[in-house]
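Dropping a structure here in structure tokens format, bear with me for questions.
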Amino acid sequence: MALYSCSEDKLDDINKNVNDPSEVGSSLIITDVMVNSAFSVVGSDLAFYASTYIEHNVGIFGQMNQAEIRVAQPTSSTTYNNSWGSIYTNLLNLKDIINKCSAGGSEEGNFHTLGIAQILTAYNLGILTDVMGDVPYSEALQPGIIFTPILDSQEAIYTELFTLLDSAITNLQKDSTFGSLGAQDVIYGGDEEKWLKMAYGLKARHTMRLSLKSPDYASVISFANNSFSSASEQCQFDYNGTSSTSPFQQFYDDRDYFGASTSLHNKLVSRNDPRDDIFFIEHPDSSEGILFAPNGEPEQAQGKYAISGITDIMAPTYLLSYHEIEFLKAEAYARLDQLENAKTALKNAITAAFTKVNVGLATADAETYYTDELEPKLTDSDAALEEIMVQKYIAFFEEEAVEAYNDIRRLNAMGEDFIQLDNPLNSTIGFPLRFTYGSDDVTTNVNVRDAYGNGTYVYSENVWWAGGSR
């Protein structure tokens, strides 16, 4: 009989579960963050509800109808809880990546992954604070240490946001001792130059967001000029149509809660906009043709009203689009009374919006529309500014609804009622000025619970950058 023994080191190896590693490389974590940011944050309940509030769509059934008629959903802490959780999960994972790739971390010197993680942190944090205002951050993301983090002011969070983007710009331009993310980067394939352009684009977006507090339109233009120069560079997440599908298509397949918006249709018709024939199609279960749902007072019925014609199984999710960059430039130029520059940027933006994959118009269509319908209206910078903002609102249908929601609140706070919304309940019950906190923290964190109250604050309290106090 032979006797065998093994060392304690070998026994330690045997007892390890290789399917549950305690240390995961940043390249694997960041892939999950990118997917989650696109599908569970940008293309999530935040977009669906924003689409209802800003009248890109009309809520004709279920929760979307409740949001449409201002019942329960706008004030409930459960409404955006899934998105709330997804954002904080992303921020926690990104914190882990940043720690790994910073000085003293296990991947010290991995500057490019560090820079991308800082951009994605700024991105998720920006979406969170833009729709919810003051939120936990400086004391958050410490599970098992701090259980009830305080809320940071939106002003402080914006300072952190710009610090993250500036650090990312620095890190992306350093020589890294680690290889490219390559295929683990499901957005840019490891192209650091495009991530650099993304960082500058986010600086342009958030600098414009501060127009009421600290207008700096020259910087908006400067940052935008360092961002995307064509749609091929924009930050988007693509779906393959089989194992992954566009969020709005998934929402339609699962729920069918949206009807075609009368107010959006009227804006297109008044401009002889060719997108009116593309944006709306008859519901497949209807025999009434293209029937538009009245904003704020639709019949609660599925299969009756027309639906979006650009909801497509492979429509990408735009984290930051080229047309948004050109619209930012156009607005900034108009506010600086540089009319010709504003016209050029607007034409670029219109062309990019017309040629989106799920719109499918040609460059020639955009040029004709601009020349015949828009240019005659651009008589001065004030007239140009109003049309720029309406065109941006139209171009953001429907994948960029959250950004359109942010724009409307910013403009209204500045006294610029450029985008007419027709829901009569806006003047009686109110327009949701912000989104509620997630119920996971309303029920467990006294600081969030006190800030939430009964949820009715969403109708009366603007976020800080729109003139509010929190």
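Numbers for residues simply follow the sequence, beginning at 1.
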Side chain to side chain contact (heavy atoms under 4.5 Å, CB included) between Leu320 and Met198, intermediate numbers included: CA-CA 7 Å; Leu320 182 65; Met198 170 64 165; 3.7 Å; yes

Donor on one side chain, acceptor on other, Asn406 and Trp465, under 3.5 Å: no

Salt-bridge criterion met for Glu331 and Arg410 (N-O under 4.0 Å):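 Salt bridge present between Glu331 and Arg410.
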
Tyr158 and Asp130 side chains, donor-acceptor separation under 3.5 Å: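 Note: Asp130 and Tyr158 side chains meet the donor-acceptor criterion.
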
Any donor-acceptor N/O pair, Glu68 side chain to Gly59 backbone, under 3.5 Å: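 Yes, Glu68 side chain to Gly59 backbone: donor-acceptor pair under 3.5 Å.
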
Audit row: Ser51, Asn57, side chain to side chain donor-acceptor pair (under 3.5 Å) steps and yes/no: CA-CA 6 Å; Ser51 180; Asn57 285 298; 2.8 Å; yes

Heavy-atom side-chain contact between Leu161 and His206 under 4.5 Å: yes

Residue pair Asp273 / Tyr369, side-chain donor-acceptor N/O under 3.5 Å: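 There is such a pair between these side chains.
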
Donor-acceptor pair between Asp372 and Thr368 side chains, under 3.5 angstrom: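 Their side chains do not contain a donor-acceptor pair, so the 3.5 Å distance test is not met.
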
Pair Ser229, Glu233: side-chain N/O donor-acceptor within cut-off below 3.5 Å: yes

Any donor-acceptor N or O pair under 3.5 Å, side chains Glu399, Asn358: yes

Sidechain-backbone polar pair: Lys356 side chain, Ala395 backbone, donor-acceptor under 3.5 Å: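 Looks like yes, one N/O pair under 3.5 Å.
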
Atom pair OG/CE of Ser244 and Met314 - distance to nearest 0.5 Å: 8.0 Å

Heavy-atom donor-acceptor pair, Gln173 side chain to Ile169 backbone, under 3.5 Å: yes

Stacked cation flag Lys174 on Phe111, 6.0 angstrom / 45 deg: yes

Test side chain to side chain donor-acceptor pair (under 3.5 Å) applied to Thr317 and Tyr239, step by step: CA-CA 8 Å; Thr317 292; Tyr239 302 93; 2.7 Å; yes

Check: Asn171/Gln118 side-chain N/O donor and acceptor closer than 3.5 Å: yes

Side chain to side chain contact (heavy atoms under 4.5 Å, CB included) between Ile408 and Phe418, intermediate numbers included: CA-CA 8 Å; Ile408 287 173; Phe418 295 149; over 6 Å; no

Rounded distance (nearest 0.5 Å) linking atom OG1 of Thr379 with atom NZ of Lys377: 11.0 Å

Side-chain donor or acceptor of Gln154 paired with backbone N/O of Thr129 under 3.5 Å: yes

Under 3.5 Å: donor-acceptor pair, side chain of Tyr80, backbone of Val131: no

Test item: Glu139 side-chain N/O and Pro136 main-chain N/O as donor-acceptor pair under 3.5 Å: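 No, because the side chain of Glu139 does not come within donor-acceptor range (under 3.5 Å) of the backbone of Pro136.
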
Short side-chain donor-acceptor distance under 3.5 Å, Gln234 and Ser321: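 Judged by distance alone, the side chains do not pair up.
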
Distance under 6.0 Å and angle within 45° of ring axis: Arg409 vs Tyr53: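 Relative to the ring axis of Tyr53, which defines the angle, Arg409 lies outside at least one limit.
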
Ion pair Lys197/Glu193, N-O distance below 4.0 Å: no

Donor + acceptor pair across side chains of Thr311, Glu398 (<3.5 Å):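 There is such a pair (donor and acceptor under 3.5 Å, judged by atom type) between the side chains of Thr311 and Glu398.
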
Contacts of Ser230 that satisfy side chain to side chain donor-acceptor pair (under 3.5 Å) - sequence neighbours left out: Ser232

Validation row, ring centre His56 to ring centre Tyr393 under 6.0 Å: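 Ring centroids of His56 and Tyr393 are less than 6.0 Å from each other.
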
Any side-chain donor near an acceptor of the partner, Asp337 and Ser381, under 3.5 Å: yes

Side chain to side chain contact (heavy atoms under 4.5 Å, CB included) between Asn266 and Thr262, worked out: CA-CA 6 Å; Asn266 289 341; Thr262 297; 3.6 Å; yes

Under 3.5 Å: donor-acceptor pair, side chain of Arg434, backbone of Arg470: yes

Test ring pair (Phe, Tyr, Trp, His ring centres under 6.0 Å) applied to Phe251 and Phe48, step by step: CA-CA 9 Å; Phe251 188 67; Phe48 304 145; 4.1 Å; yes

Note, Asp417 side chain near Gln420 side chain (heavy atom, < 4.5 Å):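 Yes - at least one pair of side-chain heavy atoms lies under 4.5 Å apart.
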
Any side-chain heavy-atom pair of Tyr123 and Leu125 under 4.5 Å: no

Side-chain H-bond candidate by donor/acceptor type, Thr245 with Gln250, under 3.5 Å: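 Yes, Gln250 and Thr245 have a side-chain donor paired with an acceptor closer than 3.5 Å.
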
Leu92 vs Pro143 side-chain heavy atoms within contact, under 4.5 Å: yes

Between Ser83 and Asp45: side-chain donor-acceptor atoms closer than 3.5 Å: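 Result is no, nothing qualifies.
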
Ring pair (Phe, Tyr, Trp, His ring centres under 6.0 Å) evaluation trace for Tyr318 with His323: CA-CA 10 Å; Tyr318 299 104; His323 50 267; 5.7 Å; yes

Derivation of the side chain to side chain donor-acceptor pair (under 3.5 Å) call for Asp134 and Trp464: CA-CA 8 Å; Asp134 296 357; Trp464 167 77; over 6 Å; no

Test item: Ser261 side-chain N/O and Glu55 main-chain N/O as donor-acceptor pair under 3.5 Å: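 The answer is yes, because a donor-acceptor pair under 3.5 Å joins these two groups.
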
CA sep, side-chain torsions, deciding dist, call: Val458, Thr436, side chain to side chain contact (heavy atoms under 4.5 Å, CB included): CA-CA 7 Å; Val458 301; Thr436 56; 3.6 Å; yes

Matching residue for Phe435 among Tyr459, Trp84, Tyr49, Tyr405 - test: ring pair (Phe, Tyr, Trp, His ring centres under 6.0 Å): Tyr405

Side-chain donor-acceptor contact under 3.5 Å, Asn124 with Ser37: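 A donor-acceptor contact under 3.5 Å links the two side chains.
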
4.5 Å side-chain heavy-atom contact, Asn445 and Pro149: yes

Any donor-acceptor N or O pair under 3.5 Å, side chains His265, Asp276: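 Yes, side-chain donor-acceptor contact under 3.5 Å.
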
Between Asn110 and Glu108, a side-chain donor and acceptor under 3.5 Å: no

Donor-acceptor contact present, side-chain Asn81 to main-chain Asp440, <3.5 Å: yes

Any side-chain donor near an acceptor of the partner, Lys329 and Asn348, under 3.5 Å: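 Result is no, nothing qualifies.
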
Asp422 versus Asn295, side-chain donor and acceptor atoms under 3.5 Å: no

Validation row: Thr31, Asp185 side chains within 4.5 angstrom (heavy atoms):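 Heavy-atom side-chain distance check fails, nothing below 4.5 Å.
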
Atom pair CZ/CE of Phe223 and Met208 - distance to nearest 0.5 Å: 12.0 Å

Donor-acceptor pair, side chain of Asp152 and main chain of Ala156, under 3.5 angstrom: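 No, Asp152 side chain to Ala156 backbone: no donor-acceptor pair under 3.5 Å.
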
Side-chain touch Ile98/Thr121, heavy atoms, less than 4.5 angstrom: yes

Inter-residue atom distance Thr79.OG1 - Gln73.CD, 0.5 Å rounding: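 It comes to 4.0 Å.
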
Ring centers of Phe397, Phe279 separated by less than 6.0 Å: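 Yes, close enough.
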
